[in-house]
Structures are given as structure tokens and as C-alpha cells.
Amino acid sequence: MFGYTEQQIAQFGLTWGVTAFMVYMIFIILQLARESKAGRFGTFVLLLALGFGMIGFIAKGIIKWWMNG
């Protein structure tokens, strides 16, 4: 499709698509913190708890980059 292989499209989707969803999740978490009037500590706890999966995704990318050289 459009001169790209399936592997290239999948790599693009995983890299940029998941990153876009992560940015959208941060927006949702911050909006949730604002609407609930969580304060600074509450916002930090929300970002830590709900964003923990994002830390795993970022760690996966760093470990993958480190192991490849």
C-alpha cells in the first residue's frame, strides 16, 4: 500500500500511533485532575497511577534501543 511494506506500516503505527494515544491519555488525566480539583499532589498521584503503563512503554523503547546497540 502506497509503496510501503506491512512491516513499515506496523512500525509506523506502533511508534507514532501509540505515542499519539499516550499524549491523549495525558490530556485526559490532566483534565480529570482539573475537574476533580485534585491539587498538585493529587495530580501527581493521578499521573503516577494512571500513567504507569506509559512508563512501561517508554522503558520498553529504551531497553530495545540499548540492547540493539
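Values reported hereafter were calculated over all heavy atoms of this structure, with side chains retained and with hydrogens, waters and symmetry mates removed.
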Colleague: If hydrophobic clusters are built by linking Ile, Leu, Val, Met, Phe, Trp and Tyr wherever their side-chain heavy atoms come under 4.5 Å apart, do Leu47 and Ile58 end up in the same one?
Modeller: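 Leu47 clusters together with Ile58.
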Colleague: Any idea which heavy atoms bring Leu14 and Phe57 closest together, and the distance?
Modeller: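 For Leu14 and Phe57, the tightest heavy-atom pair comes out as O-CZ, 3.9 Å.
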Colleague: Just verifying a value: how many Å separate Ile26 CD1 and Leu46 CG, rounded to the nearest 0.5 Å?
Modeller: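 Output value for this atom pair is 13.0 Å.
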Colleague: Taking side chain as C-beta onward, heavy atoms only, is Leu32 less than 4.5 Å from Leu50?
Modeller: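 SC-SC contact between Leu32 and Leu50 confirmed.
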Colleague: Would you give the length of the straight line joining atom CZ of Phe44 to atom CZ of Phe41, rounded to the nearest 0.5 angstrom?
Modeller: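 Atom-to-atom, Phe44:CZ and Phe41:CZ are 7.0 Å apart.
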Colleague: For residues 61-69, tabulate all N or O donor-acceptor pairs below 3.5 Å that involve a side-chain atom, not counting sequence neighbours.
Modeller:
from, atom 1, to, atom 2, distance (Å)
Asn68, ND2, Lys64, O, 3.3

Colleague: Measure the shortest side-chain to side-chain distance between Leu30 and Arg34 over non-hydrogen atoms and say whether it is less than 4.5 angstrom.
Modeller: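 They are not in side-chain contact.
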Colleague: Tell me every residue that passes side-chain hydrogen bond (donor to acceptor under 3.5 Å, both in side chains) with Glu35, counting only those two or more places apart in sequence or in another chain.
Modeller: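 Checked Glu35 against side-chain hydrogen bond (donor to acceptor under 3.5 Å, both in side chains); matches are Gln31.
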Colleague: Check whether Ile28 and Met54 end up in the same hydrophobic cluster, where Ile, Leu, Val, Met, Phe, Trp and Tyr are linked by side-chain heavy atoms less than 4.5 Å apart.
Modeller: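 Shared cluster, no.
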